[in-house]
Amino acid sequence: MATQFTHTQADRLVGEAFAMRAPLAAWWQSHARDLPWRFGRTTPWGVLVCEVMSQQTQMSRVVPYWEAWMERWPDAAALAGAAKSDVITAWGRLGYPRRALRLQECAKVVADEYDDRLPDDYDRLVALPGIGDYTASAVLSFAFGRRIAVIDTNIRRVLSRAFLGEESLGGSATPAERELARLVLPGDARASVTWNQAIMEVGATVCLPKTPQCDDCPLAAACLFLELGWPHLGQRRTRPRQRFAGTDRQVRGKILHALRELPAGSVLAYDDAAALWEDRVQLDRCIASLDEDGLIEIVDGHALRLPR
DNA sequence: TTCCCGGGTC
DNA sequence: GACCCTGGAA
């Protein structure tokens with residue numbers, strides 16, 4: 001990996017990060033949201049479930065789903081043995097339901113290959129279905145207390161603003177962003193976990209994309225972005241706007257929602273599905289793609305149901 | 001009404 | 001680089 005910063009720059013970054021640690025840790029103590037998977041109240045598997053659910057949904061919406069999910073399927077083995085239809089139904093309206101199926105696939109591997117215990121090394125975690133770089137790193141840091149840089153868009157935004165004085169660009173994380181995250185991470189494992197959680201929390205609640213709340217920010221005293229007067233604030237959104245209305249995603253959501261509302265095991269007649277959407281070509285395409293994804297089954301060539 | 005703006009897969 | 005979902009906030 002090529003070095004992105006000069007020795008002088010790296011020294012400055014490490015020094016500034018060290019100065020931020022105490023105020024950031026103090027802020028975390030008093031401002032961390034009391035989410036049920038925090039502060040050692042769940043298992044590594046519970047942390048993984050919460051991270052997968054939070055990949056796509058605000059924490060406030062995740063909380064009730066996570067609590068019901070963990071009560072019903074407390075560990076990987078329990079989830080591995082569940083009916084797919086139950087898994088899809090319990091995922092409810094969290095969104096992106098293919099992830100519910102991947103989470104169950106992940107549970108099967110953990111139960112079968114790892115004796116129902118989540119592996120605690122990066123290579124094995126990232127090889128699990130539905131687990132990429134972010135989730136593997138988050139589990140290592142938050143569940144196992146390892147020292148590893150966690151990189152998501154919140155953390156990228158906060159670090160880029162505070163240390164470089166600029167907005168994080170769109171797309172995937174750059175080598176420079178990854179090196180920055182590694183440079184500023186405290187050397188002590190416990191301190192690194194607090195750092196990761198607190199930086200992420202600042203990004204979620206204070207250092208917002210369009211409206212940073214600098215008056216409430218524990219990093220304000222050292223923040224280069226604030227010092228420079230918010231240059232090009234919000235200039236680059238993390239990715240081009242993704243519309244929803246009228247897309248296949250909306251149609252797929254309507255079909256699955258109708259199926260979840262049905263009594264368990266019952267079938268949705270094609271005519272009832274057709275009533276959900278005017279464009280028959282698009283409807284048929286979405287039915288086919290849901291079938292390919294394993295989210296529905298087609299019965300007698302026509303009616304729909306959730307897979308067993 | 002528009003905005004929010006996610007990580008993983010193929 | 002395209003695709004996958006949602007509902008509450010602004």
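Proteins get letters first, then strands, A, B, ... in listed order; numbering begins at 1 in each.
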Rounded to the nearest angstrom, tell me the gap between atom CZ in A:R157 and atom P in B:dC4. 11 Å
Please classify the nucleic acid contact of A:D248 as base, sugar-phosphate, or nothing, using heavy-atom distances under 4.0 Å. sugar-phosphate
What's A:R102 touching, base or sugar-phosphate or nothing? Going by heavy atoms closer than 4.0 Å. sugar-phosphate
If I take atom CG in residue A:L256 and atom P in nucleotide C:dG7, what distance separates them, rounded to the nearest angstrom? 12 Å
Identify the stems formed by DNA chain B, where each pair is Watson-Crick or G-U wobble with both distances under 3.5 angstrom and a stem is at least 3 consecutive pairs. B:1-4 with C:7-10, B:7-10 with C:1-4
Quickly work out the A:I88 CD1 to C:dT6 P distance and round it to whole Å. 13 Å
It should be established whether A:R252 places a side-chain nitrogen or oxygen under 4.0 Å from OP1 or OP2 of nucleotide C:dC5. yes
What is the separation between atom CG on A:L233 and atom P on B:dC5, rounded to the nearest whole Å? 12 Å
Smallest separation among heavy atoms of A:P129 and A:V109, with atom names: CD-CG2, 4.2 Å
Answer yes if the side chains of A:S160 and A:E177 hold a donor-acceptor pair under 3.5 Å, and no otherwise. no
Correct closest heavy-atom pair for A:L304 and A:A273 would be CD1-CB, 4.0 Å
Between P of C:dG8 and CE of A:M59, the distance in whole Å: 18 Å
Using whole Å, what does the distance between atom P of nucleotide B:dG8 and atom CG of A:D293 come to? 18 Å
Look at all strands and tell whether A:I131 reaches a base, only sugar-phosphate, or nothing, counting heavy atoms closer than 4.0 Å. sugar-phosphate
Say you pick atom P in C:dA10 and the same atom in B:dC5; how far apart are they, in whole Å? 11 Å
A:D133 CG to B:dT9 C1': how many Å, rounded? 14 Å
Mind checking whether A:W69 and A:W91 have ring centres under 6.0 Å apart? yes
Would you mind telling me which residue lines up with the more 5' stretch of DNA chain B, A:G130 or A:P209, judged by nearest nucleotide? A:P209
For A:L268 and A:L259, which heavy atoms make the closest approach, and how far apart are they? CB-CD2, 3.7 Å
Report the distance from atom CG of A:L101 to atom C1' of B:dT9, rounded to the nearest whole Å. 14 Å
So, OP1 or OP2 of C:dT6: does either fall under 4.0 Å of a side-chain N or O from A:R260? yes
Could you check which of C:dT6, C:dG7, C:dC4 has an atom nearest any side-chain atom of A:Q58? C:dG7
Whole-Å P distance, B:dC4 and C:dC5: 22 Å
Ring pair (Phe, Tyr, Trp, His ring centres under 6.0 Å) pairs, two or more places apart, involving residues 284-308 of chain A: A:Y270-A:H302
Nearest of B:dG8, C:dC5, C:dG7 to any side-chain atom of A:R93? C:dG7
State whether A:K210 places a side-chain N or O below 4.0 Å from either non-bridging phosphate oxygen (OP1 or OP2) of B:dC3. no
Kindly say if A:T135 contacts the phosphate of B:dG8, meaning a side-chain N or O under 4.0 Å from OP1 or OP2. yes
For residues 73-85 of chain A, dump all side-chain donor-acceptor pairs below 3.5 Å to protein atoms at least two apart in sequence or in another chain.
{"from": "A:D75", "atom 1": "OD1", "to": "A:A77", "atom 2": "N", "distance (Å)": "3.4"}
{"from": "A:D75", "atom 1": "OD1", "to": "A:A78", "atom 2": "N", "distance (Å)": "2.9"}
{"from": "A:K84", "atom 1": "NZ", "to": "A:G294", "atom 2": "O", "distance (Å)": "3.3"}

Donor on one side chain, acceptor on other, A:R252 and A:S289, under 3.5 Å: yes
A:P129 or A:T57: which one's nearest nucleotide on DNA chain B is closer to the 5' end? A:T57
